[in-house]
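Numbering of residues begins at 1 and proceeds along the displayed sequence. Values reported hereafter were calculated over all heavy atoms of this structure, with side chains retained and with hydrogens, waters and symmetry mates removed. In this text the structure is predicted, and so the values were computed from the model without any measurement.
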Amino acid sequence: MATVAKPSFETTLEVRDSCLCLHVQRAARALARRFDDAMRPLGLTNGQFSLMMSLNRPEPPGMAAVASLLGMDRTTLTAVLKALRRRSLVKVTADPADGRARRMTLTAKGRKLLVRAVPIWRANHTAVEALLHDGDADRFRNNLRALSR
């Protein structure tokens, strides 16, 4: 029977210490928990807040545009949207130009909740930016954007 080669423990340490994917995933999970905790008194998750904020625009966006902005597939978007619709925070209507497509808008109740959520987001966002070692949040955002393309 042939022996199966396996990576060395040093390789495990190399991946642990240098893997950008691992570090971004860990940071994303920690940030998500932080913002979930902050938004919990309003009955929102960080994902719901981001979705609602993405709908805060002059013209109702379509599903594809919002999914692209949030970096998620349409199935995930539909799942997040369902909870917001149940709470009457978001309304989904047929696109007047194409009845098969859907447009999303914040309801008055959704806008009121978003107004309450923004100061919570700002306070937490300021605290997160203060944790950056070099203090250059714009550089960090630019690097994340480069990775997300």
Side-chain angles (χ1 to χ4, degrees), residues 9 11-149:
F9 182 63
T11 302
T12 300
L13 297 177
E14 175 191 3
V15 170
R16 179 199 68 190
D17 295 342
S18 65
C19 179
L20 290 174
C21 186
L22 172 64
H23 288 284
V24 168
Q25 287 172 336
R26 288 179 63 193
R29 288 183 187 111
L31 285 171
R33 280 192 303 273
R34 179 186 193 110
F35 282 92
D36 280 345
D37 291 345
M39 295 294 171
R40 189 167 290 117
L42 300 180
L44 291 175
T45 65
N46 76 84
Q48 291 169 334
F49 171 78
S50 294
L51 172 54
M52 290 176 68
M53 190 55 70
S54 76
L55 303 180
N56 187 40
R57 51 175 93 184
E59 296 297 321
M63 300 282 279
V66 172
S68 176
L69 173 71
L70 297 176
M72 61 176 60
D73 59 53
R74 290 179 62 156
T75 303
T76 304
L77 173 59
T78 300
V80 176
L81 197 55
K82 188 181 289 189
L84 297 176
R85 289 178 73 184
R86 265 195 310 270
R87 291 179 60 191
S88 300
L89 300 173
V90 172
K91 183 171 73 171
V92 178
T93 57
D95 186 325
D98 178 358
R100 298 169 297 168
R102 299 286 174 252
R103 299 278 175 179
M104 299 164 287
T105 55
L106 291 170
T107 63
K109 183 178 176 183
R111 285 189 299 276
K112 286 179 188 174
L113 186 59
L114 202 53
V115 165
R116 291 176 52 209
V118 168
I120 294 169
W121 173 83
R122 281 192 178 125
N124 279 274
H125 191 263
T126 298
V128 166
E129 283 191 348
L131 296 173
L132 297 176
H133 290 289
D134 66 2
D136 193 346
D138 288 331
R139 180 172 158 225
F140 184 58
R141 271 185 288 276
N142 288 335
N143 283 328
L144 290 173
R145 281 186 200 108
L147 292 174
S148 67
R149 291 189 181 120

Engineer: Looking at every heavy atom in both G110 and M52, which two are closest together, and how far apart are they?
Structural biologist: O-CE, 3.3 Å
Engineer: State, to 0.1 Å, how close A38 and I120 come at their nearest heavy-atom pair, and which atoms those are.
Structural biologist: O-CG2, 3.5 Å
Engineer: Answer whether the closest heavy-atom distance between the side chains of F49 and W121 falls below 4.5 Å.
Structural biologist: yes
Engineer: Does any part of the side chain of N46, heavy atoms only, come nearer than 4.5 Å to the side chain of R34, both counted from C-beta?
Structural biologist: no
Engineer: Restricting to non-hydrogen atoms, name the atom on L42 and the atom on R87 that form the minimum distance, rounded to 0.1 Å.
Structural biologist: O-NH2, 3.2 Å
Engineer: Count the heavy atoms belonging to other residues, nucleotides or ligands that lie under 6.0 Å from CZ of R26, then report whether that count exceeds 12.
Structural biologist: no
Engineer: Does atom CZ (R141) have a neighbourhood of more than 12 heavy atoms from anything else shown, all under 6.0 Å?
Structural biologist: yes
Engineer: Given side chains that start at C-beta, do those of T78 and M63 come closer than 4.5 Å, heavy atoms only?
Structural biologist: yes
Engineer: Kindly give the heavy-atom pair with the smallest separation between G62 and R103, and that separation in Å.
Structural biologist: N-NH1, 3.4 Å
Engineer: Looking only at non-hydrogen atoms, find the nearest pair between V66 and S54 and report the distance.
Structural biologist: CG1-OG, 3.5 Å
Engineer: Do L44 and L84 come close enough that some side-chain heavy atom pair is under 4.5 Å?
Structural biologist: yes
Engineer: With side chains defined as the heavy atoms from C-beta onward, is the minimum distance between T45 and M39 less than 4.5 Å?
Structural biologist: no
Engineer: Taking atom types as modelled, find out whether N142 and R145 have a side-chain donor-acceptor pair closer than 3.5 angstrom.
Structural biologist: yes
Engineer: Should D37 and R40 count as an ion pair when the cut-off is N to O under 4.0 Å?
Structural biologist: yes
